[in-house]
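Quick note: numbers below take in every heavy atom, side chains included, and nothing from hydrogens, waters or symmetry partners. Whatever order the structure lists them in is the order used to number ligands and atoms, beginning at 1. This structure is a prediction, so every number in the text was calculated from the model and none was measured.
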Amino acid sequence: MTAPEDKNMDELVALCKRRGFVYPASEIYGGLRGFWDYGPLGTALKNNIRDWWWRCMVDCPPIGPDGEPVAIVGLDSAIIQNPRVWEHSGHVGGFNDPMVDDKETKKRYRADHIYVFYPKNFKTEHKRFGIAVQASSREEAHKLRDELWESGKWSKVVFRAQKEFGFDPLEGAGVGAQYGDKVSDFLNVYGPNGEDIGDWDVITAEELDEEHRKYTTNLELTNFGTLTKPQMFNLMLDTYPGPIRDEDAKAYLRPETAQGIFLNFKNVLDTMRVKVPFGIAQIGKSFRNEVTPRNFIFRSREFEQMEMEFFCPPEDSQKWYDFWRDVRYKWWLSLGVAEENLILRDHDDDELAHYSSACVDVEYKYPFTAPGYGELEGVAHRGNYDLTAHSKSKEKNRDSNAKLDYFDQELQVKLQNEGVDKAEIKERSRYVPHVIEPASGLTRAVLVVLCEAFTPTPDREGSKYILSFKPKFAPIKAGVFPLVNKDGMPEVAQKLYLQLRDKWPVEYDGKQSIGKRYARMDEIGTPFCFTIDGDTLEKQLVTVRDRDTAEQETIHIDQVEAFLAQKLAE
Ligand code: ATP
């Protein structure tokens with residue numbers, strides 16, 4: 001298996017384009033930043049992951065901690081809702097990211113995604129300088145710094161910064177850049193008076209002080225940027241339904257699917273045979289005006305989410321949080337992601353929203369974060385924050401007309417049997433349910449599956465890469481080929497193709513050399529190819545070629561369907 005560090009994102013992006021997985025949106029007009037189109041194979045891959053999530057969450061959810069099957073129902077709510085929803089959910093006031101602008105280049109960045117390296121002991125009376133890189137995590141920032149060093153550019157930036165900031169480095173500063181071959185060998189930068197300024201430190205642009213902001217040069221090397229103070233920027237995209245375009249008509253494209261679920265809590269409760277604990281799940285598009293969409297489809301402005309809100313009694317919420325934390329981690333493994341590339345990261349207390357008592361991220365080692373990890377799902381204990389936020393309340397000026405609480409009859413009976421006193425039973429059996437929310441990105445899951453499957457095969461004849469999807473998720477499950485396009489082989493191959501096509505997406509291909517046809521199937525991640533050759537005509541034997549090993553075996557033509565069914569069930 002190729003390590004994430006050894007996978008090249010540019011090559012993966014090019015392969016996705018060349019083989020019809022993901023195209024830049026409106027490409028013929030020069031594209032639009034943060035938007036992507038999913039091609040025929042990307043759509044199939046995305047649908048397979050989507051269907052698997054739905055199967056595991058709605059059609060056949062796991063057995064719960066008490067040994068009972070968990071109840072979850074599905075939903076598909078509107079993308080545009082009454083704008084009051086977003087005021088009460090906190091998105092209008094709080095869905096903000098701190099941003100910094102580069103005054104010279106006029107580019108805008110998320111302040112927590114700009115990491116500035118600066119010489120730690122550089123004295124304050126001297127002008128200070130920092131070198132900024134744009135990264136999603138500290139690990140990625142260090143990786144970029146190391147790459148800059150290896151490319152020889154780091155020393156150039158340092159020289160440049162020193163010159164720009166008007167101090168006259170002693171020879172040591174310059175010469176130091178040529179010593180050694182790691183960044184750590186270039187720690188001895190000297191100040192204007194020859195003093196050793198020692199180690200480099202790193203801070204985010206959110207923490208930059210005035211002095212550093214002025215003297216920060218950015219990654220593009222040529223652009224000398226002065227960063228502004230961080231300013232808040234709302235991430236919701238707005239729109240104006242109806243004929244009048246004024247502030248009163250302003251509505252928002254949803255930035256998450258979750259709120260549509262809270263809005264329908266009562267509808268589902270009143271119309272479906274569910275009782276707490278139960279969940280409502282939804283998959284759909286979300287929109288965020290991300291300031292720096294980047295890393296291919298990792299962070300886009302239009303994306304798809306898979307979210308489930310699990311409503312439970314407050315007294316049991318910790319139990320359910322632990323349950324979903326575990327179930328969701330295992331689900332990512334079921335996509336074929338290797339355990340060593342997947343971690344659970346508990347949020348520190350200072351990362352938690354004020355209403356949340358716990359949150360854990362499932363993180364993946366993407367090629368662009370390795371050796372670090374990046375988020376793909378958050379499992380949050382949201383308390384009763386959301387249902388309370390959408391419940392009618394005169395004092396709090398909440399103008400919904402709903403009371404989103406729940407009377408728990410089973411709990412009432414249980415407490416009565418336990419002999420709990422009446423007042424306490426009344427108090428405990430009517431409550432606003434607590435919510436455990438596993439929230440993940442479908443389009444981010446597509447990226448994870450693509451990154452995991454992407455395997456350079458420089459030594460293989462024909463294909464330079466394979467996409468080693470778990471067969472269940474492969475867009476095309478099998479290729480059916482006549483070895484040559486004559487001698488009765490196409491007819492037999494067509495017959496087999498029509499038989500398999502009834503069950504799965506399979507492809508028939510009779511053109512080009514067999515090597516080229518295998519290579520194409522490797523690159524689109526088709527796990528098996530069935531070739532009809534002379535042996536088929538004589539002995540009914542079909543050659544099966546395995547994508548990952550390129551090994552071939554023969555099986556009887558009558559066994560092909562059962563063979564494929566078994567592999568796809570794994
Ligand atoms: P981040 O910190 O990366 O901005 P977040 O913590 O704001 O993400 P959530 O609001 O918890 O993300 O959204 C749940 C999931 O939705 C994320 O784990 C991710 O998989 C997906 N997601 C969020 N924003 C984007 C985006 N801009 N593009 C693609 N997927 C996204």
Side-chain angles (χ1 to χ4, degrees), residues 22 25 32-36 38 42 46 49-50 53 86 89-91 94-99 109-113 134-138 140 204 206 233-237 253-262 281-309 324-325 328-329 331-332 335 337 342-348 351-353 355-356 358-364 366 368-369 372-382 385-386 435-451:
V22 183
L32 186 61
R33 226 173 138 220
F35 295 88
W36 298 91
Y38 288 77
K46 180 151 68 69
I49 298 171
R50 179 198 66 189
W53 188 91
W86 307 107
S89 69
H91 286 82
F95 194 53
N96 292 314
D97 273 341
M99 308 302 307
Y109 304 97
R110 252 176 81 162
D112 57 340
H113 284 177
Q134 191 187 345
S136 323
S137 65
R138 205 163 279 262
E140 195 191 348
T204 69
E206 260 182 310
F233 172 87
N234 195 285
L235 291 183
M236 279 196 296
L237 284 155
L253 301 188
R254 68 178 175 205
E256 58 173 37
T257 58
Q259 295 305 319
I261 296 179
F262 298 123
Q282 159 150 255
I283 299 179
K285 294 249 176 179
S286 292
F287 301 81
R288 293 184 189 177
N289 197 8
E290 298 282 1
V291 184
T292 41
R294 60 202 302 259
N295 288 331
F296 194 31
I297 52 175
F298 178 81
R299 186 176 301 288
S300 22
R301 289 180 172 142
E302 176 178 340
F303 54 99
E304 276 173 79
Q305 288 186 305
M306 308 184 284
E307 299 194 289
M308 194 273 290
E309 308 302 322
W324 284 113
R325 187 181 188 276
R328 293 307 306 153
Y329 180 78
W331 186 82
W332 288 96
L335 288 184
V337 178
L342 207 61
I343 54 160
L344 277 169
R345 187 183 69 80
D346 289 299
H347 282 211
D348 294 332
E351 274 181 277
L352 292 174
Y355 48 79
S356 175
C359 188
V360 61
D361 283 346
V362 188
E363 297 190 337
Y364 176 69
Y366 299 91
F368 49 84
T369 56
Y373 294 80
E375 177 178 338
L376 44 89
E377 168 156 357
V379 180
H381 186 318
R382 299 185 62 89
Y385 175 78
D386 307 274
V435 167
I436 309 301
E437 175 194 75
S440 60
L442 170 56
T443 40
R444 214 172 264 188
V446 171
L447 178 62
V448 167
V449 170
L450 280 168
C451 290

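Scanning the protein heavy atoms around atom 22 (N) of ligand 1, the nearest turns out to be Phe303 CE1, 3.6 Å. The nearest protein atom to atom 23 (C) of ligand 1, hydrogens excluded, is given as Arg288 NH1, 3.5 Å; this is a heavy-atom distance. Protein heavy atom at the shortest distance from atom 16 (O) of ligand 1 is Gln305 NE2, 3.1 Å. Scanning all protein heavy atoms for the shortest distance to atom 29 (C) of ligand 1 gives Phe298 O, 3.1 Å.
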Check against ring-ring contact (aromatic ring centres under 6.0 Å, His included), Phe296 and Phe298: CA-CA 6 Å; Phe296 194 31; Phe298 178 81; over 10 Å; no
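Side-chain polar atoms of Ser286 and Gln305 form a donor-acceptor pair below 3.5 angstrom.
Contacts of Arg299 with ligand 1, taken as heavy-atom pairs under 4.0 Å, involve both backbone and side chain. Contacts between Glu377 and ligand 1, counted as non-hydrogen atom pairs separated by less than 4.0 Å, involve the backbone only. For Met306, no heavy-atom contact with ligand 1 is shorter than 4.0 Å.
Between Cys451 and Tyr364, the closest side-chain pair of non-hydrogen atoms falls below 4.5 Å.
With values rounded to the nearest 0.5 angstrom, Leu447 atom CG is found 13.5 Å from Phe303 atom CZ. For the atom pair CH2 of Trp332 and CG of Leu376, the computed distance is 4.5 Å after rounding to the nearest 0.5 Å.
For ligand 1, the atoms lying closer than 4.0 Å to a non-hydrogen atom of Glu375 are 2 (O), 6 (O), 8 (O), 11 (O), 12 (O), 17 (C), 18 (O). Within ligand 1, the atoms closer than 4.0 Å to a non-hydrogen atom of Arg110 are 4 (O), numbered from 1 in the order shown.
When every heavy atom of Val291 is checked against every heavy atom of Arg33, the shortest pair comes out as O-NH1, 4.1 Å. In this structure, Met306 and Gly441 approach most closely via the heavy-atom pair CE-O, 4.1 Å. Residue Ala281 comes nearest to Met308 through the heavy atom pair CB-CG, 3.8 Å, listed as atom of the first residue, atom of the second, then distance.
For ligand 1, the polar-atom distance check finds an N/O of Leu376 within less than 3.5 Å of one of the ligand's N/O atoms. At least one N or O atom of Gly441, backbone or side chain, sits closer than 3.5 Å to an N or O atom of ligand 1. For the pair Ser300 and ligand 1, the shortest N or O to N or O distance falls below 3.5 Å.
The heavy atom nearest to atom 15 (C) of ligand 1, considering only Ala380, Gly34, Gly374, Ser440, is found in Ser440.
Under the side chain to side chain donor-acceptor pair (under 3.5 Å) test applied with Thr257, the options Glu307, Gln282, Glu304 reduce to a single match, Glu307.
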